[in-house]
Amino acid sequence: MNKIIAANWKMNPGTAAEASALAEGVLNGMTAELRKNTSVILAAPFVYLRDLAMLWERRRERHVVLAAQNMFWAEKGAYTGEISPAMLADSGIRTVIIGHSERRRYGGETDELINQKIIAAFKHKFRVILCVGEQNKDEAFEVLEQEITADLAGVGKAQLQNLMIAYEPIWAIGSGAPDTPQDSAQKMLYIRRLIAKKANAKAAFAVPVLYGGSVTEKNARDFLQEEHIDGVLVGGASLKPQSFLAIIAAGAPEALH
Ligand code: PGA
């Protein structure tokens with residue numbers, strides 16, 4: 001499986017022109033080699049997605065996948081300010097981040113709400129990057145068990161093939177102090193055990209598990225080299241094409257050996 005390198009732009013950049021320039025910077029730097037050997041996802045703010053999807057059409061971009069950073073669970077109706085799965089699909093978006101810790105923290109998202117969103121996303125055939133992770137280092141395993149069990153309640157085995165899980169310890173996000181690759185690989189294994197318990201070992205190994213939290217071009221290779229880390233979810237360092245491209249390059253097989 002190619003390593004997955006996902007950008008989470010969060011609430012950046014400030015204008016549509018900058019968003020297009022950032023995306024083009026990344027697309028222009030994707031060599032045929034990188035396209036073949038890595039899987040790249042860009043999660044942009046809602047308001048830019050339509051423009052970006054048009055840019056993708058114009059460039060016939062098929063490799064780099066555009067994603068949303070959130071979605072709502074209902075189909076339509078009286079939900080002021082929300083965006084439905086069908087609206088995203090209509091903009092050409094089929095991948096979504098759900099349950100990011102910043103949405104849990106600033107948007108008050110509970111595991112129950114996240115679970116409803118995941119069920120709706122799968123119903124609409126989206127691929128989901130579910131974010132999980134602890135605030136306090138010594139609670140990692142408990143929090144992972146609690147979040148994964150609650151967030152994936154009622155999700156069937158067949159749907160797991162559209163799931164990716166990002167382990168993002170909250171203390172490592174934006175802090176410049178990432179988890180160690182070895183310790184995060186332990187969490188990945190634990191996540192797989194939880195999925196195996198829910199479904200089976202085959203499903204557990206088929207779900208890509210990503211690490212997120214202060215990944216940079218300097219440390220990306222250390223994470224991507226770990227056998228149990230299938231990719232990275234990158235915030236701050238995804239906002240400059242050169243640094244994000246360097247992280248993508250760190251996931252190509254020739255960089256890893
Ligand atoms: P960071 O963010 O790379 O800026 O730490 C990662 C994330 O929150 O997804």
Side-chain angles (χ1 to χ4, degrees), residues 3-14 18-19 22-23 25-26 38-46 48-49 64-71 93 95-109 114 117-118 121 127-137 140 143-144 147-148 151 163-181 183-185 187-188 191 208-224 226 229-251:
K3 295 284 180 178
I4 298 166
I5 318 293
N8 175 13
W9 289 357
K10 308 192 177 185
M11 200 170 71
N12 298 295
E18 287 170 289
L22 173 53
V26 173
T38 61
S39 297
V40 177
I41 299 172
L42 295 186
F46 284 138
Y48 302 147
L49 286 174
V64 177
V65 170
L66 276 174
Q69 300 171 7
N70 179 32
M71 66 157 57
I93 307 301
T95 302
V96 62
I97 296 176
I98 293 182
H100 191 280
S101 61
E102 287 151 13
R103 294 211 54 80
R104 295 177 191 254
R105 180 168 174 201
Y106 303 115
E109 292 201 5
I114 289 164
K117 291 183 175 189
I118 289 176
R127 290 182 77 204
V128 170
I129 302 177
L130 166 64
C131 298
V132 291
E134 79 286 359
Q135 173 72 64
N136 301 315
K137 264 186 199 184
V143 170
L144 289 176
E147 288 185 337
I148 287 179
D151 297 346
L163 178 70
M164 295 171 257
I165 296 183
Y167 168 61
E168 299 206 302
I170 296 170
W171 48 267
I173 294 177
S175 67
D179 199 0
T180 65
D183 283 357
S184 56
K187 319 296 188 344
M188 310 291 171
I191 290 171
V209 189
L210 319 184
Y211 169 77
S214 296
V215 173
T216 64
E217 55 191 283
K218 291 207 175 71
N219 62 26
R221 182 170 176 268
D222 300 336
F223 286 99
L224 292 163
E226 286 287 334
I229 301 183
D230 299 314
V232 287
L233 179 56
V234 187
S238 70
L239 296 173
K240 289 207 182 90
Q242 286 322 315
S243 51
F244 189 58
L245 284 163
I247 294 170
I248 298 170

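Reckoned from all heavy atoms, side chains included, excluding hydrogens, waters and symmetry mates. Counting starts at 1 for both ligands and their atoms, following the listed order.
Using a distance-only test at 3.5 Å, with no hydrogens or angles considered, a donor-acceptor pair links the side chain of Tyr48 to the main chain of Pro13. Of the possible polar contacts, one joining the Asn219 side chain to the Thr216 backbone as a donor-acceptor pair under 3.5 Å is found. A donor-acceptor pair under 3.5 Å links the side-chain atoms of Tyr211 to the main chain of Asp179, judged by distance alone. With hydrogens and angles ignored, the 3.5 Å screen pairs a side-chain donor or acceptor of Ser243 with a backbone N or O of Ala237.
By the 3.5 Å distance cut-off applied to N or O atoms, Leu233 is not counted among the residues near ligand 1. At a 3.5 angstrom cut-off on N or O pairs, Gly236 counts as close to ligand 1.
If you check which protein heavy atom lies closest to atom 9 (O) of ligand 1, you get Glu168 OE2, 2.7 Å. Summary of contacts: the protein heavy atom closest to atom 3 (O) of ligand 1 is Gly235 N, 2.8 Å. Looking only at heavy atoms of the protein, atom 2 (O) of ligand 1 is closest to Lys10 NZ, 3.1 Å.
At least one heavy atom of Ser214 sits less than 4.0 Å from an atom of ligand 1. Distances shorter than 4.0 angstrom occur between a heavy atom of Gly174 and an atom of ligand 1.
Side-chain atoms of His100 and Glu168 include a donor-acceptor pair closer than 3.5 Å.
In the displayed structure, Glu18 atom CD is contacted under 6.0 Å by more than 12 heavy atoms of other residues, nucleotides or ligands.
Of all the heavy atoms of Ile173, the ones lying under 4.0 Å from any atom of ligand 1 are found in both the backbone and the side chain.
In the vicinity of Gly213, heavy-atom distances shorter than 4.0 Å reach the ligand 1 atoms 5 (O).
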